[in-house]
Amino acid sequence: MTPTGCFIDGKWRETLRRFPVTDPATGELLAEVADAGPGDGAVALDAAVAAQDAWAATPPKERAGVLRRAREELLSRGEEFALLITREMGKPLAESRAEVSYAADFLQWFAEEAVRVSGEYRMSPGGDFRVITTRQPVGPCLLISPWNFPLAMITRKIGPALAAGCTALVKPAEDTPLSCLLLAQVLADVGLPPGVVNVLPTSRPAPLVEPLLADPRLRKLSFTGSTEVGRSLLAQASGNVLRTSMELGGNAPFLVFADADLEAAVQGAMLAKLRNGGQSCVAANRFLVEEPVAEEFAALLAERMSRVRLAPGTDPASELGPLINTVQRDRVAGLVDDAVSRGARALTGGAAHGAFFPATVLADVPASARVNQEEIFGPVAPISTFSGEKTALAMANDTGSGLVAYLYTASLDRAVRVAERLETGMVGLNRGLVSNAAAPFGGIKQSGLGREGGFEGISEYLSTKYLALDTAP
Ligand code: SIN
């Protein structure tokens, strides 16, 4: 039932080559998917360019209607999507269901935003003309999405692009293209005109993406993925001075002060660490705990983590699925081994089981350990200690990343003081989850540019045009 071709100009198109998509839990082949190359990219861009003016001129209410109908269809086929996400990405079914609902929220939010794009009308300071502003769609966009949320990261980009009146080329991640392809079929089923969204799965991203970024008809790039790839795409996008949105890597500190409600902090830690098996850019990466409560926090967290059930995501009892692939599994294992070789102690977990890596807690982790410096993208919680607010902030901010931080304290004064000094785009205050379609998601420093979701999300796909209207007497 799931389409496996390229989706271009409203039609499914075959390619000369195909690439395999496998279940990370079992290695089973799920599908052979069309492998788009530069020729397919060129045809897709032609289609997006041809559809751009008509889509921009489509009344906002009609664009909103497509998004609304897509949301309804997505939810009515929720179990099909959830199973597909679990099969191609590995997360437990309960989490895939939550992802379907998160994905649908972006369609709803941006359907609501589509009719609220506004401008200004004001008098110039000298009174001799009027300043009028309007906001127009930026034009055809290239949307590159990651494997960790194969559906929600697509609707988080497609939603605002379509709401703003932009057409799009979507390149889903090689590991997880199937959810995106099924979404393309849903969009077609609910009446999205041909050419407005085109989907290009590929196992060879560079030869597909490079010519698209060099084509002056493309006007915007939105990318979610690693900082390393983001940097390279930014360099390529500079050729045509493209509008860019970059959701890049994180290295989130999770701060627990001695006055915190430890039970709540552990619950928040479980969510911030284990959502998506830790394979998320907002996953808590470094646990920084104030000395007097460090031992108790570590023991409580280790006890909870040791009870997490490791099983294929399709098993209803699964609480933690496999890592996305063996490369990522070996990377996570390497980070744990490095920490242990520098004196860290594994309180629970610590070694891979086949494609799986168990929930792991490491205590006494020195600052020099790679696990504190690199984005883990796995279910490993390294704990270090601090003494006092100043040291906590210095440790938390000692990273090139600036996506999110989590902070547990009973003091409102401290919460505000520390949150304002944390060098991140988002802060979870006594809360282990910040992601929501209605909130501006994004980072500072090397974690990216721009915001997705919230009121800001649609602005990324709009350009402000200013009209000077002469009113001189
Ligand atoms: C991401 O990991 O890229 C995004 C996660 C989220 O939206 O919560």
Side-chain angles (χ1 to χ4, degrees), residues 85 88-92 94-110 143-160 170-176 179-180 221-230 233 244-252 254 268-285 321 323-324 328 331-332 374-380 401-406 424-428 431-454 456-457 460:
I85 291 171
E88 65 176 345
M89 188 272 166
K91 68 181 83 175
E95 288 204 53
S96 295
R97 291 186 184 115
E99 181 175 345
V100 173
S101 152
Y102 187 36
D105 284 350
F106 286 109
L107 297 176
Q108 173 168 353
W109 177 262
F110 287 109
L143 313 177
I144 304 182
S145 64
W147 50 261
N148 59 347
F149 289 87
L151 188 63
M153 295 304 100
I154 309 266
T155 57
R156 182 150 90 180
K157 296 183 191 302
I158 283 182
V170 186
K171 189 206 85 58
E174 176 185 347
D175 285 308
T176 58
S179 308
C180 180
L221 166 67
S222 175
F223 169 72
T224 298
S226 71
T227 300
E228 192 191 345
V229 175
L233 289 171
T244 54
S245 301
M246 294 275 145
E247 293 294 350
L248 308 178
N251 182 351
F254 189 104
M270 292 297 287
L271 185 56
K273 183 70 256 181
L274 287 192
R275 173 171 174 257
N276 228 36
Q279 300 176 106
S280 162
C281 54
V282 285
N285 211 66
L323 292 181
I324 184 68
Q328 182 55 13
R331 224 194 112 254
V332 171
E374 298 177 24
E375 189 173 27
I376 302 169
F377 246 65
V380 176
S401 304
L403 188 58
V404 65
Y406 302 91
T424 57
M426 303 179 282
V427 179
R431 188 173 162 82
L433 178 68
V434 293
S435 310
N436 190 285
F441 186 104
I444 59 171
K445 293 163 90 175
Q446 293 176 33
S447 286
L449 300 168
R451 294 293 179 267
E452 292 191 314
E456 289 82 351
E460 302 281 330

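Every number for a ligand or one of its atoms is a count from 1 in the order of the listing. The analysis underlying the following values was restricted to heavy atoms, covering all of them including side chains, and did not include hydrogens, waters or symmetry mates. We're numbering straight along the sequence, starting at 1.
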So what's ligand 1 close to, N/O to N/O, under 3.5 Å?
unit_1	atom_1	unit_2	atom_2	d
ligand 1	2 (O)	N148	ND2	2.9
ligand 1	2 (O)	S280	OG	3.2
ligand 1	2 (O)	C281	N	2.9
ligand 1	7 (O)	Y102	OH	2.7
ligand 1	7 (O)	R156	NH1	3.0
ligand 1	8 (O)	R275	NH1	2.8
ligand 1	8 (O)	R275	NH2	2.9
ligand 1	8 (O)	S435	OG	2.4

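Look at K157 and E452 and you find a salt bridge, because one of the NZ, NE, NH1 or NH2 atoms lies within 4.0 Å of a carboxylate O, short of that distance. Taking the charged nitrogens against the carboxylate oxygens, E374 and R331 do have a contact shorter than 4.0 Å, which makes a salt bridge.
Pairing each heavy atom of M246 with each of L221, the nearest pair is CE-CD2, 3.6 Å. The minimum heavy-atom distance linking V170 with C180 is given by the pair CG1-SG, 3.9 Å.
Side-chain contact check for S401 versus E375: every heavy-atom pair is 4.5 Å or farther apart.
Taking the six-membered ring where the residue is Trp, F106 and Y102 present tilted rings, their angle falling between 30° and 60°.
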